[in-house]
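Only one structure is covered here, and it is reproduced in the block below.
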Amino acid sequence: MAETISTMPKAFDHRLVEQKIYERWLQSGAFTPTIDSNKKPFTIVIPPPNVTGELHYGHAMFVAFQDLMARWHRMTGQPTLWLPGTDHAGIATQNVVEAALAKEGLTRFDLGREKFVARVWEWKEKYGNLINLQLQRLGASVDWTRERFTLDEQLSSAVRVAFVTLFEKGLIYQGNYIVNWCPRCTTVLSDLEVDHEETTGKLWYVRYPLIPVDQSKTEPDYVIVATTRPETMLGDTAVAVNPGDERYLGLIGRRVSLPFIGRVIPIIADNAVDPDFGTGAVKVTPAHDPNDYEIGRRHNLPEINVMNLNGTINEEGGPFAGMDRYAARRTMIDQLDQNGLLERVEDHVHSVGHCSRCGTTVEPMISKQWFVKIEPLARPAIEAVRNGQIRFVPERFARIYFNWMENIRDWPISRQLWWGHRIPVWYCDACNEIIASVETPTTCPKCQGSTLHQDPDVLDTWFSSGLWPFSTLGWPKDTEDLRYFYPTSVMETGYDIIFFWVARMIMFGLEFTGKPPFDVVYLHGLLRDEKGEKMSKSKGNVRNPLDMIEKYGADALRYALVTGSTPGNDVKLSEEKLEGARNFANKLWNAARYVLTTGESPSSAPNGADLSTADRWILSRSSRTTADVTRLFEEFEFSEAGRILYEFVWNEFCDWYIEIAKIQLRLDDEARQATTRWVLFNVLEDALKLLQPFMPYVTQAIWDFLPNRRDLLIVASWPTPGPVDDAAENELALVVELIRAIRNVRAEFKVDVARRIPAVVAAGNHQATLDRERTIIESLARVNPFDVSPEVSPRPQPALHLLVGGVEVYLPLAGMVDLEAERERASTEITRLQAQITGIEQRLSQPGFIAKAPPAIVDRERERRESLLEQVTKLQERLAALA
RNA sequence: GGGCGAGUGGCUCAGCCGGUUAGAGCGCACGGUUCACAUCCGUGAGGUCACAGGUUCGAAUCCUGUCUCGCCCACCA
């Protein structure tokens, strides 16, 4: 497969390689794991994207993280399954299709249920395919042979089994309760599907006429109540006051007449009433307010629903029947005002619930719905996290999870929608028996009647998503996949769906499989645009990841998404960041180009004694990087791993080792050349392996050029770190520092880049090192001659003077040395060093430091002081010499 | 009303289970077209780590409080 260097373009062009490489991955079968009972698998099920539309950046982020994990684990030899699929996304998809229909001037009712659902399926086909295409373009190493969709027959059967199981355990019940109702979607919503927004509304003070008991003139003739939703007064069935409120003591038990309707309703006492709010008297509308609902239940008040499902007033609303709720509100206020029943109006800031899918103001209403009794499911789900069976990364989200789970309320699961899993409940027309059944029943088990009709509602889309980690693997059947890959390893998703999804998966996983569905919940931050705004279609700041892939490459996008952030913290993505990542991919590409031009790597590893200091240094750095990246991956610190790889590749391998390698290869020394090539290839290969999870395309593209490469990089084995070589690292650090210092003065004194300057070095005990590395120093610092001896006497004069560690360098630059400036430089440096010494001495003399600080720290401080003092001495001698 | 996160060079962010001289990328300044790369190379400037207390031999890092920004939760008629 190896291509030749001559075909390697000067810059990495992702457009030329990405799709071909993906094709090869597919053909290789590498994405499909081989089940091996001797090996522990690594499993991630994808958070199924909604088939509402195309993927956006946020999806690209989870792809980047999950693919990184999958690719890494695959290379460590674990059978790795990353299972793809999509979510039918009930209300969301129904709404987008309805919106599309609206453009044709149609509603779903014009089509009817069957045809409408067919339309949604067409939509699903289109966007499901687009999503898959996008996943491929992103390089997702998902196992397409196991692709799932929440409405697949198998998954639908899982839904029915789950429902019936809960039903039979008494954990699913049907009831009339107050729920959130979206009048536009005409469906119930769970609390989570309601977004609350601070809104400045009005508080209307309305007079409710008291029914007189005697004709005494001293009593008031009405009670004033304050309301933000006057239209709901049509359904009032009481006025409530706090039992301790002295103002109203005499009125409790009295009755008022409800304006417009004339209904006579009692004044009751209830502790839920806050005497300090409004007038201290509150209208009670059990059918349209959650608080009032509770009060109503406590006092056995009638529950009068005054609204139709579309938000218009129903026949209970008397004169307002048929009007929209807001039109009714305006009309009622006008009339109250005209009749002298409106006491006053105030501005009032309160939070108003909106449908999270369409933005319509939600109406609390009493409605008959199916609910999951959640507490019995929540308890073990809390415990599983508390006892560490499931770990949240970052940990703080566990507290958020606990807080929600401990205050959880029953979950309304029925939805008055057409797109979704039909509730597996049938009603017998003859005897009204309720039949929950996995298979469609034909006769009523109670009366044997054969006229049955199915509940028209569908299930909340999250009901099926909650089963996803195991329904995708075959549950409720006891499949080989389920046995092998479940529980899954990591659930990687955004922190915004902890309640919607993560919590439900944990509850359902424990309930239905007896096991936590995953070991770790890794939560990435949310992606924001360069201004820090949440990306959303309504804001118009969503960009198609394909555009960015086209421009910068999938590798760049992925690298940019994974680095420069911490788990759980939001990420701002700018094009500058993508550019940087693209440049990094190109840097790697060019490093590889260079390595390839050097020829071929010797087939056998060199004898350790043949390695130069620089060889040993880069191999040691490579080992350290390998160990660090592996550790960071294990700790889910992907960003940090990406950063150290960047530094290693760019700053160590490219900036230093390759430059040194060029020198070593120029030497007339075949053994040295061979060794250098071996090191170049060796380090490059490991770097490619380590970067494969971040940048799978460019690394594979380079891999293809390496000689004797048959296998794909994706199935190469993860590198194991070799030994570290502290001696080599220290020696090269000195060499680098020395070269930098010389370059620094050259730049400062504007010495022509090409010009070689002489250097005289007093190396002290670094004599051997500098002698050995002289070729490198001469070449990279452009010095010649490079005159090294333990001590220099006499000192060159005039000359620029540098102090690097314990090494003194004299640069006798004819005509450039200004004695006064040199004195200045030396004394500035002395001042700087003295300040450091003073700092250290303060530390050392602080009471307790020597006694309490770890000895290693104390020793280090002492050594530093010695070294600094030595430098100061040298500088003082220098100063004296300049005088 | 409760909770969480953030505040570090011009910008975007690391570091934060305490310990040399607080790092990176971008931007900026100066200098570079020879043999991997101008999507580049070399050199440099730039930070009272939001503020105030405290703990400690030692604090960007731990504790308390304050301010600013963002987010989440909550049945504010």
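For the numbers below, each heavy atom of this structure counts, side chains included, while hydrogens, waters and symmetry mates do not. Everything quoted here is computed from the prediction, not taken from an experiment.
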### Task
Remember a base hit wins even if backbone is also touched, and classify A:Glu406 as base, sugar-phosphate or nothing at under 4.0 Å, heavy atoms.
nothing
### Query
According to a strict under-4.0 Å criterion, is A:His196 in side-chain N/O contact with OP1 or OP2 of B:rC73?
no
### Task
Output the single nucleotide from B:rA36, B:rU12, B:rG5 whose closest atom is nearest the side chain of A:Arg396.
B:rG5
### Query
Starting at CG of A:Asp289 and ending at P of B:rA77, how long is that distance when rounded to a whole Å?
7 Å
### Query
Which is true for A:Val273 with a 4.0 Å heavy-atom rule: it touches a base, it touches only sugar-phosphate, or it touches nothing?
base
### Task
Report the distance from atom CG of A:Leu234 to atom NZ of A:Lys283, rounding to the nearest 0.5 Å.
8.5 Å
### Task
Provide, to the nearest angstrom, the distance between the CZ atom belonging to A:Phe397 and the P atom belonging to B:rC72.
12 Å
### Query
Of the nucleotides B:rA77, B:rC13, B:rC75, which one has an atom closest to the side chain of A:Arg409?
B:rC75
### Query
Can you tell me which stems RNA chain B forms when a stem means 3 or more consecutive Watson-Crick or G-U pairs under 3.5 Å?
B:1-7 with B:67-73, B:10-13 with B:23-26, B:28-32 with B:40-44, B:50-54 with B:62-66
### Query
If you measure from the Lys or Arg side-chain nitrogens to the Asp or Glu carboxylate oxygens, is any gap between A:Arg229 and A:Asp289 under 4.0 Å?
yes
### Task
Calculate the interatomic distance between A:Ile498 atom CD1 and B:rG3 atom C1'; express it in whole Å.
13 Å
#### Entry: Partner residues of A:Asn291 under the side-chain hydrogen bond (donor to acceptor under 3.5 Å, both in side chains) criterion, sequence neighbours left out
none
### Message
Using the side-chain heavy atoms of A:Ile400, tell me which of these nucleotides is nearest: B:rC73, B:rC4, B:rA77.
### Response
B:rC4
#### Entry: Pair A:Leu557-A:Tyr57, side chain to side chain contact (heavy atoms under 4.5 Å, CB included): steps then yes or no
CA-CA 9 Å; A:Leu557 177 60; A:Tyr57 262 152; 3.6 Å; yes
### Euclidean distance for C1', B:rG15 against B:rU55 (whole angstrom)
22 Å
### Residue list, side-chain hydrogen bond (donor to acceptor under 3.5 Å, both in side chains) with A:Ser867, at least two apart or on another chain
A:Gln871
### Task
Hey, which sits more toward the 5' end of RNA chain B by its nearest nucleotide, A:Ser351 or A:Tyr646?
A:Tyr646
### Query
Atom CZ of A:Phe705 and atom P of B:rA36: how far apart are they, to the nearest Å?
17 Å
### Query
Between B:rG19 and B:rU34, how far is it from one P atom to the other, in whole Å?
45 Å
### Task
Run the salt-bridge test on A:Arg631 and A:Glu635 with the 4.0 Å N-O cut-off and return the result as yes or no.
yes
### Query
Is there a donor-acceptor pair under 3.5 Å between the side chain of A:Arg743 and the backbone N or O of A:Leu738?
no
### Query
How far, in whole Å, is B:rC67 from B:rG25 if one measures between their C1' atoms?
30 Å
### Query
Atom CG of A:Leu526 and atom C1' of B:rG5: how far apart are they, to the nearest Å?
13 Å
### Message
Within the 4.0 Å heavy-atom criterion, would you say A:Arg746 contacts the bases, only the backbone, or no part of the nucleic acid?
### Response
nothing
### Task
Look at all strands and tell whether A:Ser574 reaches a base, only sugar-phosphate, or nothing, counting heavy atoms closer than 4.0 Å.
nothing
### Task
Report, as a single string ordered 5' to 3', how protein heavy atoms within less than 4.0 Å touch nucleotides 37-50 of chain B: B base, S sugar-phosphate only, - not at all.
BSBSSSSS------
### Task
Using the P atom as the reference point in each nucleotide, state the distance between B:rC4 and B:rU48 in Å, no decimals.
31 Å
### Query
Whole Å only: how far is the OH atom of A:Tyr205 from the C1' atom of B:rA77?
10 Å
### Query
Between B:rC4 and A:Arg399, is there an OP1 or OP2 to side-chain N/O distance shorter than 4.0 Å?
yes
## Note on the structure
So CD of A:Glu550 and NE2 of A:His14: to nearest 0.5 Å the spacing works out to 5.5 Å
#### Entry: Value in whole Å for how far the C1' atom of B:rC4 lies from CG of A:Asp496
15 Å
### Message
Counting the atoms with a prime plus P, OP1 and OP2 as sugar-phosphate, which does A:Phe499 contact under 4.0 Å by heavy atoms, base, sugar-phosphate, or nothing?
### Response
sugar-phosphate
### Summary
Of A:Trp589 and A:Gly280, the one whose nearest nucleotide on RNA chain B sits closer to the 5' end is A:Trp589
### Query
Side chain of A:Arg843, backbone of A:Val858: donor and acceptor closer than 3.5 Å?
no
### Query
Are A:His288 and A:Tyr293 close enough, and set up right, to give a side chain to side chain contact (heavy atoms under 4.5 Å, CB included), and what steps lead you there?
CA-CA 7 Å; A:His288 292 287; A:Tyr293 176 81; over 6 Å; no
### Message
So for atom CZ, which belongs to A:Arg409, do other residues, nucleotides or ligands contribute more than 12 heavy atoms lying within a distance under 6.0 Å?
### Response
no
### Task
Report yes if a side-chain nitrogen or oxygen of A:Lys572 is closer than 4.0 Å to either non-bridging phosphate oxygen (OP1 or OP2) of B:rC13; otherwise report no.
yes
### Message
Quick check with a 6.0 Å cut-off and a 45 degree axis cone: is A:Lys662 positioned over the face of A:Tyr594's six-membered ring?
### Response
yes
### Message
Taking only the C1' atom of each, what is the distance from B:rU12 to B:rC28 in whole angstrom?
### Response
16 Å
### Query
Tell me, for nucleotides 14-20 of chain B in 5' to 3' order, what letter each nucleotide earns: B for a base near a protein heavy atom under 4.0 Å, S for only sugar-phosphate near one, - for neither?
SS---BB
### Task
Please list, chain by chain and in numerical order, all residues satisfying side-chain hydrogen bond (donor to acceptor under 3.5 Å, both in side chains) with A:Arg391, sequence neighbours excluded.
none
### Task
Quote, to the nearest angstrom, the P distance that separates B:rU64 from B:rG23.
29 Å
#### Entry: Interatomic distance at C1', B:rC35 relative to B:rG44, whole Å
28 Å
### Query
Considering only the P atoms, how many Å lie between B:rC13 and B:rG58, rounded to the nearest integer?
34 Å
### Message
Nearest whole Å is fine: how far is B:rC13 C1' from A:Leu527 CG?
### Response
14 Å
### Message
As an exercise, state the distance from CG of A:Asp191 to CG of A:Asn180, rounded to the nearest 0.5 Å.
### Response
5.0 Å
